[in-house]
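Below: the structure, in structure tokens.
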Amino acid sequence: MTSTVDAGTTTPEPEIGKARSRKEDEHLLTGRTKWTDNLVLPGMVHLAILRSPLAHARITNIDVTEARKMPGVIAVYTGADLAEEQGSLPCAWQITPDMKAPPAPALAVDTVNFAGEAVAVVAARSAYEAHDALEGIDVDYDELPVVLDLAAAAREGSDLVHPDLGTNVSATWIFDSAEAGTGGNVEDAIRDAEVVVERTFRQQRLIPAFMEPRSTVVDPTGPQITMWSATQVPHVLKLMLAMSLGIPEHKLRVIAPDVGGGFGGKLQVTPEEVVTLLVARRLGKPAKYTETRSESMAAAHHGRDQIQKLTLAARRDGTVTGLKVELLADMGAYLRLVTSGVPILGAFMFNGIYKFGAYHFSCTNVFTNKVPTDAYRGAGRPEATFAIERIMDELAAELSMDPLELREKNWIRHEEFPFATIAGLTYDSGNYEAATARAKELFDYDALRREQAERRERNDPVQLGIGVSTFTEMCGLAPSRVLGSLAYGAGGWEHASIRMLPTGKVEVVTGASAHGQGHETAFSQIVADRLGIPFEDIEVLHGDTQTAPRGLDTYGSRSLAVGGIAIVAAAEKVVAKARPIAAHLLECAEEDLEFTGGRFQVAGTQKAVALTDVALAVFAAHNLPDGIEPNLDSEATYDPDNFSYPHGTHLCAVEVDTETGWVRIRKYVCVDDIGHVVNPLIVDGQVHGGLAQGIAQALYEEAVHDETGTLLSGSFAEYLLPSSADLPEFTTDRTETPATGNPLGVKGVGEAGTIASTPAVVNSVLDAVRHLGVRDIEMPCTPMRVWHAIESAQGGAR
Amino acid sequence: MRITVTVDGTSYTDDVEPRLLLVHYLRDRLGKVGTVVGCDTSNCGACTVHLNGRSVKSCSVLAVQADGAEVTTVEGLATDGALHPVQQAFHDNHALQCGYCTPGMIMSTLDLLSENPDPDDRQVRLGLEGNLCRCTGYQNIVAAAQDAARRLREADATAGGAR
């Protein structure tokens, strides 16, 4: 049934690089979706959670008698009811040996530490009835002092979030270039500097605000407990549930079905997941919990929230000689999965694309009575990039230099790669000159500078500002050894397997877990090229620990740069396994075979056999070489040696109405260098969305609490997620400097737009009003803040 | 209360609580889970459907208010396995990533184009202001809406020519 064929001469057009529209779209466009909340199981109960209205209080009594009597109610549980089995929600990142981490119950037992913390759960026949019954729960609280201000919380004598710890400081983490041997002593650099610029920036608290609210369904009735959850991390979740709840790992299965966005916000092991599991297990029935948007805003982890003090030392010619960074990072009330490590990721990025002689970084993690912070798109790197790109503009202003010239004076030149940075990383490749030159050209930089001068000259009420951001980031999280050296609790590899089906179709299983990224399309393109199989004949499977048993999921721009490389390695193994069989079928020596376009061909002849035919021959197993395993399926685990380092130059022009403070983005140009591109359509989409989130931080979004710790921006009516009317059209382009650390030359693109855009926008706002005496405006740069900044700089004289 | 509603061409008669929201009636009673809930303040528009031909946020309509009405959801657009031109334009222009806002975005786009068959960039942006998307930065959604407008105008012209 297998026959050799005459090889055709056509080689299929490469799939990598094609703007393929996505495989995953059709079911999303037609509403044939599998969101967790869609799931209905026989006998399923619906959960509703009662949350604390207070930010800090002792629970003195909970009376659930009335709730238990309400229609449809099956059970009501409090923290005390679940205390024996709920364990503590995990933190996987002990950044220092003496890091303080308070116990983190899923349901509060005796105290509540943030407004929105879960206090009790109702299981009822319907979601409406479960929510009704929350009214029947009576909780008595003794209020405790509320700790909200990050800087005040860090000081001696502050009221304490967790009195048992004796301090609000969780840990202090330090990197020093003199100690690490990567550079000089920063205090010497500051002492010897001709110019010192010191600034304190505020990274406001943000809410990830994925569009699909979190939802969890647990079925405890099979041999394994099955959890469906709107999560980015089914594998991490399974492992952590096993470890923190003491459930044998082989008795758990976690499925991430269609997941509606994450942005780091679903990189978590949540109280709600634990509670749903425990209630389902107690009742022996499937249970579903779906949060409301208001609950999501109050109780799902937030992002950012740092105070950043920077001291930059330089010479008058613009050469930067040292940078000192002192951070305060708000943990909120507990340490969730990677809360403690997020600011530490920034430690490696404050030096950006520059060559500094000395660097010192210290970060103090502080507890407050707010919902915990954790990963949010970029996680540590946007914060660092914002601070360095903002202060580079401040130095440029101080020296009356063009901000791009100042950067060029300090950046790593393309011929200097690979380059060992002051923060201890080795950047493998980059070309900042090329990206900047292209961005300037697309932006028409010189013309906009001329217009800016004219507007200033004529004292136009609408001033023009130009903002620059030349950024890099560490992507492809992460080399396991590096994570180990940072005391992170897991590795950073990724796994893939490829199944060759008898009919010539292919199943690709990846440990990455998509929630909008387009893995199915991009990974199909890679396999199509590597195996010469048509794009349409490849199915990518993911997001279920039963079908994809090994994986470390999706975050940190890692899916392509780590997961994609595992797929390449698995594909190479398939070809290697097929080669001796092909040689046997063609009656030739293995080394005479060339594999191209999906066929093994005898060199110099037209004799060939298709890989799909080898797959069929292997299935039949009638005519295989002696001793060979009848199986082409292959798997591979890839652990990167280094991070990848996307970079780019973003330029933003804003018009600022100095009479109203209104900011309008007039032009936004970005040139990103993410190495080779698998699918330009998907890449542009990632960049657009990233820009929107970065711009939102610069201009619109902020989680605001009142003096009692109540979240005021607690719904989409108050938290300003930008709409289509708030955002401009972006001009995106690319330069292509391949990564040298992986065979695809790819770097990752998920976070670039978010990281780069925030400083570009804020720099442009400052540039528009700097001549009026304004030196800084806190984010978000709302009309009110911009107007106030102008007014106070002008001494209220206008 | 007893209501009769036609949803995507099928008539349903049900007893419902007066407080039941239309979106929950669609999802929980009829299994029309293509329409989703994204917020609780009617800001996000993910739940947008058409009620007697006009777009409404189905989280802000009671099921009983839909008594006697015709409802169209994203599940009722494709015909004979072929995507509706708006769906096709969203696919071709990569106007969706996670896809959660997509049902509402498509229904709002249809409503916008029924009022303005040839909107410029600004008109699309203002027209879709009531639908939030966290993934795309809207650029490709705007492009898709204009592409869909073109397709619908062309289809109209063809149909007009045939008459």
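Remember, predicted model here, so these are calculated numbers, not experimental data. Naming: A, B, ... by sequence-line order, numbering from 1 per chain.
Taking every heavy atom of both residues into account, B:Glu129 and A:Ala725 meet most closely at OE2-CB, 3.6 Å. Closest heavy-atom contact between B:Thr41 and A:Ser715: CG2-OG, 3.5 Å. Between A:Leu29 and B:Val74, the shortest heavy-atom contact is O-CG2, 3.2 Å. Minimum heavy-atom separation, B:Ala78 to A:Thr30: CB-CG2, 4.4 Å. Scanning both residues, B:His91 and A:Ser21, for their nearest heavy atoms gives NE2-OG, 3.2 Å.
Residue contact with chain B, scored on non-hydrogen atoms closer than 4.5 Å, involves the backbone and the side chain of A:Tyr128 alike. Residue contact with chain A, scored on non-hydrogen atoms closer than 4.5 Å, is absent for B:Ile141. Only the side chain of B:Arg122 comes within contact range of chain A, with heavy atoms under 4.5 Å apart. Residue B:Val86: no heavy atom, backbone or side chain, is found under 4.5 Å from chain A. The parts of A:Leu681 that come within reach of chain B are both its backbone and its side chain, each placing non-hydrogen atoms under 4.5 angstrom from that chain. Using a 4.5 Å cut-off between heavy atoms, B:Leu132 touches chain A through backbone and side chain atoms alike. At a 4.5 Å heavy-atom cutoff, the contact between B:Asp121 and chain A is made by side-chain atoms alone. When heavy atoms are compared at a cutoff of 4.5 Å, A:Arg22 approaches chain B by way of both its backbone and its side chain. Contact of A:Glu24 with chain B is not made at all, since no heavy-atom distance falls under 4.5 Å. Contact of B:Leu83 with chain A is made through the side chain alone, with heavy-atom distances under 4.5 Å.
Listed options A:Leu721, A:Thr292, A:Thr33 were ranked by heavy-atom pairs under 4.5 angstrom with chain B; first place goes to A:Leu721. If you tally non-hydrogen atom pairs under 4.5 Å between each of A:Ala514, A:Gly753, A:Gly262, A:Pro213 and chain B, the highest count goes to A:Pro213. When the candidates A:Gly260, A:Gly261, A:Gly685 are compared by the number of heavy-atom contacts under 4.5 Å with chain B, A:Gly685 comes out ahead. Here B:Leu96 is the residue among B:Leu126, B:Leu96, B:Thr73, B:Asn131 with the most heavy-atom pairs under 4.5 Å with chain A. Heavy-atom pairs under 4.5 Å with chain B were tallied for A:Val259, A:Asp37, A:Asp258; the largest tally goes to A:Asp37. Between chain A and the residues B:Thr35, B:Asp92, B:Leu20, the most heavy-atom pairs under 4.5 angstrom are made by B:Leu20. The candidate from B:Lys32, B:Glu17, B:Gln139 with the greatest count of non-hydrogen atom pairs under 4.5 Å with chain A is B:Gln139. Ranked by heavy-atom pairs under 4.5 Å with chain A, the list B:Gly137, B:Cys98, B:Gly34 is led by B:Cys98. Per-residue heavy-atom pair counts under 4.5 Å with chain B were compared for A:Ala692, A:Ser294, A:Ala127, and the maximum is reached by A:Ser294.
A distance of 10.5 Å separates OG of A:Ser126 from NE2 of B:His24, quoted to the nearest 0.5 Å. In this structure, SG on B:Cys135 lies 12.0 Å from CZ on A:Phe210, to the nearest 0.5 angstrom. To the nearest 0.5 Å, atoms CD (B:Gln97) and CD1 (A:Ile682) are separated by 8.5 Å. With rounding to the nearest 0.5 Å, the separation of SG in B:Cys39 from OH in A:Tyr719 is 15.0 Å. In this structure, CG in A:Asp726 is found 7.5 Å from OH in B:Tyr138, a value given to the nearest 0.5 Å. Going from atom CZ of B:Arg134 over to atom CZ of A:Arg377 covers 9.0 Å, rounded to the nearest 0.5 Å.
The closest side-chain heavy-atom distance from B:Thr136 to A:His688 is not below 4.5 Å. A:Arg32 has its side chain within reach of B:Glu75: a pair of non-hydrogen atoms, C-beta onward, lies under 4.5 Å apart. No side-chain heavy atom of B:His94 sits under 4.5 Å from any side-chain heavy atom of A:Asp684. Residues A:Asn38 and B:Arg27 have side chains in contact (heavy-atom distance under 4.5 Å, counting atoms from C-beta outward). Between B:Val36 and A:Glu212, the closest side-chain pair of non-hydrogen atoms is not below 4.5 Å. Contact annotation: the side chain of A:Glu26 never approaches that of B:Gln87 to less than 4.5 Å [non-hydrogen atoms, C-beta and beyond]. Side-chain contact between B:Arg125 and A:Leu727 is present, with heavy atoms from C-beta onward closer than 4.5 Å. Taking the side chain as every heavy atom from C-beta outward, B:Ser42 and A:Phe716 never approach each other to under 4.5 Å.
Looking only at distances, a side-chain donor or acceptor of A:Arg293 sits under 3.5 Å from a matching main-chain atom of B:Gly38.
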Could you walk me through whether B:Val33 and A:Lys34 pass the side chain to side chain contact (heavy atoms under 4.5 Å, CB included) test, one step at a time? CA-CA 9 Å; B:Val33 291; A:Lys34 293 192 186 304; over 6 Å; no
